[in-house]
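This report refers to the structure that appears directly beneath it.
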Amino acid sequence: MSSDPVIVLDFETSGHSPAFGDRPIEVGAVRIEQDMIVDRFQSLMNPGFTISWFIESLTGISNDLVAAAPDCEEVMTRFAEWIGETPLVAHNAGFDRKFLDAELARIGRERNNPMACTVLASHRLFPEAQNHKLATMVAHLGIYTDGTFHRALADAEMTGHLWIAMTDLLHTRYGFTDVPFSLMQTITGMGRARVDRFLRSQTQSPSAPLPQVDLSCRY
DNA sequence: TGCCAGGCCCTCTTTAGGGCCTT
């Protein structure tokens with residue numbers, strides 16, 4: 001089985017919205033090639049202001065830790081070089097996309113990478129799951145965890161294994177020998193009710209072109 | 001200091017509303 005290289009990323013942030021002044025405090029990411037994690041990126045970063053007690057408690061990242069970290073601009077410059085134009089994946093990608101784009105804009109860059117969302121894909125490929133939170137999907141699929149959540153690299157690694165589990169499902173259940181990034185985008189771009197029938201039809205006609213799906217509002 | 005978002009899904013829908021998911 002073959003699949004496109006992807007980078008799975010996760011931000012820990014000071015809150016929900018860069019539009020209200022929130023910024024990342026940590027980024028973690030893994031590069032996946034041929035269903036294996038082959039490289040990792042992790043760094044704390046200093047947002048330039050005091051983070052709340054709630055975020056300190058949620059993440060375990062203290063104000064002392066971020067105060068000693070390089071500033072966001074320095075970290076994001078290195079991160080932008082590291083990701084290049086590789087397709088990106090995140091759990092609830094709309095959230096990470098907001099912060100990625102906002103921080104890239106601060107350093108005069110623009111994202112050209114396509115993005116895919118493991119929450120949306122999980123809804124379509126694992127509809128039987130109790131819910132589609134990362135921790136639930138990790139337990140549902142038996143993904144290895146040392147119990148660390150809400151740290152960027154740990155969450156990125158678990159999301160990476162979720163991505164691998166989804167490509168594996170497309171191979172074992174539907175018979176795909178090639179799982180391009182565009183296939184996962186197509187799946188998340190169509191309604192849940194259509195996905196199973198679509199995938200089975202693709203297996204029966206593997207050379208058929210992917211249907212046109214409007215992705216204009218999806219990353 | 002405390003506050004804040006928003007895109008997507010589902011359905012008791014589409015002239016809407018509530019829940020999910022991320023920090």
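Counting non-hydrogen atoms under 4.0 angstrom, A:F11 reaches the backbone sugars and phosphates but no base. Residue contacts shown for A:L134 are limited to sugar-phosphate atoms, with no base heavy atom under 4.0 Å away.
Not one N or O on the side chain of A:R23 forms a donor-acceptor pair closer than 3.5 Å with the backbone of A:M45.
Heavy-atom distances to DNA chain B give each of A:L58 and A:A19 a nearest nucleotide, and the one nearer the 5′ end belongs to A:A19.
As rounded to the nearest Å, B:dG18 and B:dT13 have C1' atoms that lie 12 Å from one another. Remark: the separation of the C1' atoms in B:dG6 and B:dT23 is 13 Å, to the nearest Å. Taking the C1' atom of each, B:dG7 and B:dG2 are spaced 25 Å apart, rounded to whole Å. With both ends at atom C1', the span from B:dC10 to B:dT14 equals 13 Å, rounded to whole Å. B:dC12 sits 15 Å from B:dG19 when the C1' atoms are compared, rounded to a whole Å. If you take atom P in B:dC8 and the same atom in B:dC3, they sit 29 Å apart, rounded to whole Å.
Atoms CG (A:D96) and C1' (B:dC21) sit 11 Å apart, rounded to a whole Å. Rounded to an integer number of Å, the gap from A:H132 NE2 to B:dC10 C1' is 13 Å. Rounded to whole Å, the distance from CG on A:L120 to C1' on B:dG7 is 9 Å. What separates CD of A:Q185 from P of B:dC8 is a distance of 13 Å, to the nearest Å. Rounded to whole Å, the distance from CZ on A:F54 to C1' on B:dT23 is 7 Å. In this structure, A:N92 places its CG atom 12 Å from P of B:dC9, rounding to the nearest Å. Taking atom CG on A:N131 and atom C1' on B:dC9, their separation rounds to 14 Å, with Å as the unit. A straight line from NZ of A:K98 to P of B:dG7 spans 8 Å, rounded to a whole angstrom.
Side-chain atoms of A:T167 and A:I32, non-hydrogen and from C-beta on, never get closer than 4.5 Å to each other. For the pair A:T188/A:H123, no side-chain contact is recorded, criterion being any heavy-atom separation below 4.5 Å from C-beta on.
A:D146 meets the side chain to side chain contact (heavy atoms under 4.5 Å, CB included) test with A:Y144, A:T148; sequence neighbours excluded.
Put simply, A:H16 does not rest on the base of B:dC4: the two rings are not both less than 5.5 Å apart at their centres and under 30° in tilt.
Closest contact between the side chain of A:D10 and the listed nucleotides B:dT22, B:dC4, B:dG7 involves B:dT22. For A:H91, whose side chain is taken as the heavy atoms from C-beta onward, the closest listed nucleotide among B:dT23, B:dC8, B:dT22 is B:dT22. Residue A:S17 has its side chain nearest to B:dA5 when only B:dA5, B:dG7, B:dT23 are considered. Side-chain proximity of A:R124 to the nucleotides B:dT23, B:dC9, B:dT22 is greatest for B:dC9. Distance from the side chain of A:V119 is smallest to B:dC21 among B:dG7, B:dT23, B:dC21.
Evaluation of the side chain to side chain donor-acceptor pair (under 3.5 Å) test over residues 150-165 of chain A, restricted to residues two or more places apart or in two chains, returns A:E26-A:R151, A:R40-A:E157.
The 12-atom threshold is not exceeded at NZ of A:K133, counting heavy atoms of other residues, nucleotides or ligands nearer than 6.0 Å.
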